[in-house]
Amino acid sequence: MKFSALIFDVDGTLAETEELHRRAFNEAFAARGLDWHWTHDDHIELLQTTGGKKRIAAFLSRRGEDPAAHDIASLHRDKTDRYTALMSEGEIALRDGVAALISDARAAGLKIAIATTTSRPNIDAMIRATLGGEASELFDAIAAGDEVAAKKPAPDVYLLALDRLRVQADRAVALEDSLNGLAWAQAAGIACIVSPATCTQGDAFPADTPLVGSFADLGGIAGIAERLGVSA
């Protein structure tokens, strides 16, 4: 089997972003005079809920508060503004091996895409900050979480990415960092390689999961093909 597309998740895969997300959430809460503060452990637990607005709602429900009593959409927009500003100030970097994989995929004639539950403004800000260009110019397709109704572990965003790439699922390989992401890719019928991020080191990955400590350990596109028993 020959694969022709490489699809990247964003948070935890392209870059270690979760501590920056947590910082932006806490800054947004403080700016509104809210007595909410997410610790590292709080944030790890809340990551089981995908999507920032849903995460805030889950947090409120756990506190016994009615999420409908707060303007969650507005609060999340403020958080997104703070998060993208932090990235533009240089508070982010690609994980080891990611830039080389993107370059290697291009040289091999593969299509590359992003499929993520994060929002499009977050994607654009990260790519500008880390790769110095526009995401729409550097990737053949982008599928963002604010474009589909169902988020992880539903396969909707991956299916959207495949549609935009015009590639069949068995011709694509996904790169992920979490158990949710793995399930998400597999539900779309896509082979997946996982390199756990700091926040997902404790995920209980199935024994047959193709795992690497760092994307730099893959050995490029040829290494991906070898691990999955396909050709590139």
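- A salt bridge links Arg82 with Asp78; the closest basic N to acidic carboxylate O contact falls under 4.0 Å.
- Heavy-atom contacts from other residues, nucleotides or ligands closer than 6.0 Å to CD of Glu65 number more than 12.
- Checking side-chain atoms of Lys111 against main-chain N and O of Asp140 turns up no donor-acceptor pair under 3.5 Å.
- The residue from Asn122, Asp124, Thr118 that alone fulfils the side chain to side chain donor-acceptor pair (under 3.5 Å) condition with Arg120 is Asp124.
- Of the possible polar contacts, one joining the Thr84 side chain to the Asp81 backbone as a donor-acceptor pair under 3.5 Å is found.
- Using a 4.0 Å cut-off between charged nitrogen and carboxylate oxygen, Glu19 and Arg23 do not count as a salt-bridge pair.
- Checking side-chain atoms of Thr130 against main-chain N and O of Leu94 turns up no donor-acceptor pair under 3.5 Å.
- With hydrogens and angles ignored, the 3.5 Å screen pairs no side-chain donor or acceptor of Thr117 with any backbone N or O of Gly51.
- Salt-bridge check for Asp42 with Arg55: failed, with every basic side-chain N at 4.0 Å or more from each acidic carboxylate O.
- Taking the centre of each ring, Trp36 and Phe25 stay at or above the 6.0 Å mark.
- Listed for the Asp66 side chain is a donor-acceptor partner under 3.5 Å among the backbone atoms of Ala68.
- Residue pairs meeting the side-chain hydrogen bond (donor to acceptor under 3.5 Å, both in side chains) criterion with at least one member in residues 93-103, sequence neighbours excluded: Arg95-Ser195.
- Pro155 pairs by the side-chain contact (heavy atoms from CB on, under 4.5 Å) definition with Leu159, Ala187, Ala188, not counting sequence neighbours.
- Taken together through direct or relayed side-chain contacts under 4.5 Å among Ile, Leu, Val, Met, Phe, Trp and Tyr, Ile44 and Tyr83 form parts of separate hydrophobic clusters.
- Between the side chain of Asp104 and the backbone N or O of Gly220, no donor-acceptor pair lies under 3.5 Å.
- Residue pairs satisfying the side-chain hydrogen bond (donor to acceptor under 3.5 Å, both in side chains) criterion with at least one member in residues 206-222, sequence neighbours excluded, are absent.
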